[in-house]
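Working notes for the structure below.
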Amino acid sequence: MRIKNSITATILRNLMASALLALLGTGSLFAAFNTTGTTTVSVTVANEAAIQIDTPTTNLTTTGAIFNDYTGTTNLTYKIRTSQGTGSGSVTLQVTSDFAPGGGPSVATPPSGGDALSYTCTVSAPASACSGSQTSATSAATPVATFGADARSAKAGNSGTVNWNLTNDPVYQTGSYSGTVTFTISST
Amino acid sequence: MKSSQSLPKPHLRAGLIAVAAFGGILAGPLGHSDTATVTQTLNAQLAATGKVSVPVSISLTATGAAFSPYTGSLTVNYRVRSTTTGIGGSITVQSTAEFAPSGGPTVASGVLAYTCSGATLGTGCSGTAAMSLVSATNVLTIPASACTGGGGSCSSANPNTVTTNFSLVDDPTYKTGSYSASITFTISST
């Protein structure tokens, strides 16, 4: 009688222990779980460019002698990152809407030969300013600034200005005339 | 004469007797059951514990306008048990390796931040926290008497999850290229 009791008790004890271990050990089936877990955070930084025109409306005015040309300044802020090695970038402008109404200045069809809306550029590094006086056009973009490889602006952006000059032709009828200039920045 | 020849030798007789006795025990009279009950008490001491599992990697990507922050989300899986008398537990995160190579973002400058959302057990971190190299920052607060899975007084979800939403400043001063850092999540429970 005693031998049978001992065997039964041992078998029962082992079965219970196995069941308990199985229950407690369920979490070990998910090998990735641990008291700590580590992740690699990755990011690819690519070339980017952005521009902000700080002068929403540029007023061209004439001062000094009669029929002095109209002048004005457009301020801008640019942000840029060009690729290391072979990257580059540019800022251009184009007259996307000619002066209106008619009877005054015109970029596309000036009333007199030599009439023009021209400009010069001033930009802070890493940009290089356009060279000399540029004549704006409605048919194509014209340069404002260029960038080389690995050009990177400040986090808040860097400044630039376009200084305008509009011929003051006596042929223009009196009145107010407006046109639209679009600036474009690009980066590779 | 006849009586001595009829009986087997003593040692054989003893063996036969033993066999007979054993056979008697095994066979027994038909219909008789002989059972014995043994009871034993099993005690299991379940201590507070916790484990986490996170993806091996996460990639932050640029969306929207130029120089908008890089973003990405990561789900932290966890299982936890906290005692009724303890102070609960937590999941924290710390950067264990700075972004490399150099020339790009750095954790030390505070540009890698995160928020927490969707905790299925406990309370996710509040607001935006900056990832740190020098100290662990909170992701999840686990209350006392918390337990994962099974429903009832425990959570129905198993494992539990909480989402960390990362944001990395896109600074024009970063050089172009790929950069990686390591972050480690740690769970504790009392």
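Note on naming: letters A, B, ... go to the chains in the order of the sequence lines (proteins, then strands), and numbering restarts at 1 for each one. Nothing here was measured: the structure is a model prediction, and the numbers come from that model.
Top candidate by heavy-atom pairs under 4.5 Å with chain A, chosen from B/G177, B/A66, B/A65, is B/G177. Of the listed residues (B/Y78, B/F166, B/Y179), the greatest number of heavy-atom pairs within a distance under 4.5 Å of chain A belongs to B/Y179. Here A/V41 is the residue among A/T35, A/N47, A/V41 with the most heavy-atom pairs under 4.5 Å with chain B. If you tally non-hydrogen atom pairs under 4.5 Å between each of B/S189, B/P105, B/A181 and chain A, the highest count goes to B/A181. Options B/S182, B/S95, B/A62 differ in how many heavy-atom pairs under 4.5 Å they form with chain A, and the most are formed by B/S182.
Cluster membership check: A/F33 does not share its hydrophobic cluster with B/V139, using side-chain heavy-atom separations under 4.5 Å among Ile, Leu, Val, Met, Phe, Trp and Tyr. When the side chains of ILVMFWY residues are joined at heavy-atom separations under 4.5 Å, either directly or via intervening members, B/V162 and B/M131 end up in a single hydrophobic cluster. Under the 4.5 Å side-chain heavy-atom criterion for ILVMFWY residues, no single connected hydrophobic cluster contains both A/V123 and A/V162. Residues A/L76 and A/Y119 fall within the same hydrophobic cluster, defined by Ile, Leu, Val, Met, Phe, Trp and Tyr side chains chained together at heavy-atom separations under 4.5 Å. Hydrophobic clustering of Ile, Leu, Val, Met, Phe, Trp and Tyr side chains at less than 4.5 Å, counting indirect connections, unites A/V144 with A/W164.
Interface remark: B/N77 contributes backbone and side-chain atoms alike to the contact with chain A (heavy atom separation under 4.5 Å). Only the side chain of B/V169 comes within contact range of chain A, with at least one heavy atom under 4.5 Å from a heavy atom of that chain. Only the backbone of B/V56 comes within less than 4.5 Å of a heavy atom of chain A; no side-chain atom from C-beta onward does. For a residue to count as touching a neighbouring chain, one of its non-hydrogen atoms must lie under 4.5 Å from one of that chain's; by this rule A/A49 touches chain B with the backbone only. Contact of A/A50 with chain B is made through backbone and side chain together, with heavy-atom distances under 4.5 Å. Contacts of B/L168 with chain A are made by side-chain atoms alone, with heavy-atom separations under 4.5 Å and no backbone atom involved. Contacts between B/F99 and chain A at a heavy-atom distance below 4.5 Å involve the side chain alone, from C-beta outward. Residue B/I91 does not touch chain A at all, counting heavy-atom pairs closer than 4.5 Å.
For A/R81 and B/Y174, the positive end is not near the middle of the six-membered ring at less than 6.0 Å and at most 45° from its axis.
Put simply, the side chain of A/E48 reaches to within 4.5 Å of the side chain of B/D170, judged on heavy atoms.
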TODO: Please step through side chain to side chain contact (heavy atoms under 4.5 Å, CB included) for the pair B/K175 and A/V45, ending with a clear verdict.
DONE: CA-CA 7 Å; B/K175 294 187 176 186; A/V45 176; over 6 Å; no
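Between the side chain of A/T39 and the backbone N or O of B/S57, no donor-acceptor pair lies under 3.5 Å. Side-chain atoms of B/S59 never come within 3.5 Å of backbone atoms of A/S42 as a donor-acceptor pair (strictly under, hydrogens ignored).
Atom-to-atom distance recorded for A/T36:OG1 and B/K51:NZ is 11.0 Å, nearest 0.5 angstrom. Expressed to the nearest 0.5 Å, how far CD of A/Q84 lies from OG1 of B/T176 amounts to 4.5 Å. Residue B/Q94 holds its CD atom at 10.5 Å from OG1 of A/T38, rounded to the nearest 0.5 Å. Here the straight-line distance linking atom CZ of B/F67 with atom CD1 of A/I80 works out to 7.5 Å at 0.5 Å rounding.
Side-chain contact check for A/T40 and B/S180: no donor-acceptor pair (N or O, by modelled atom type) lies under 3.5 Å.
Nearest heavy atoms, A/A46 versus B/Y70: N-OH, 4.2 Å.
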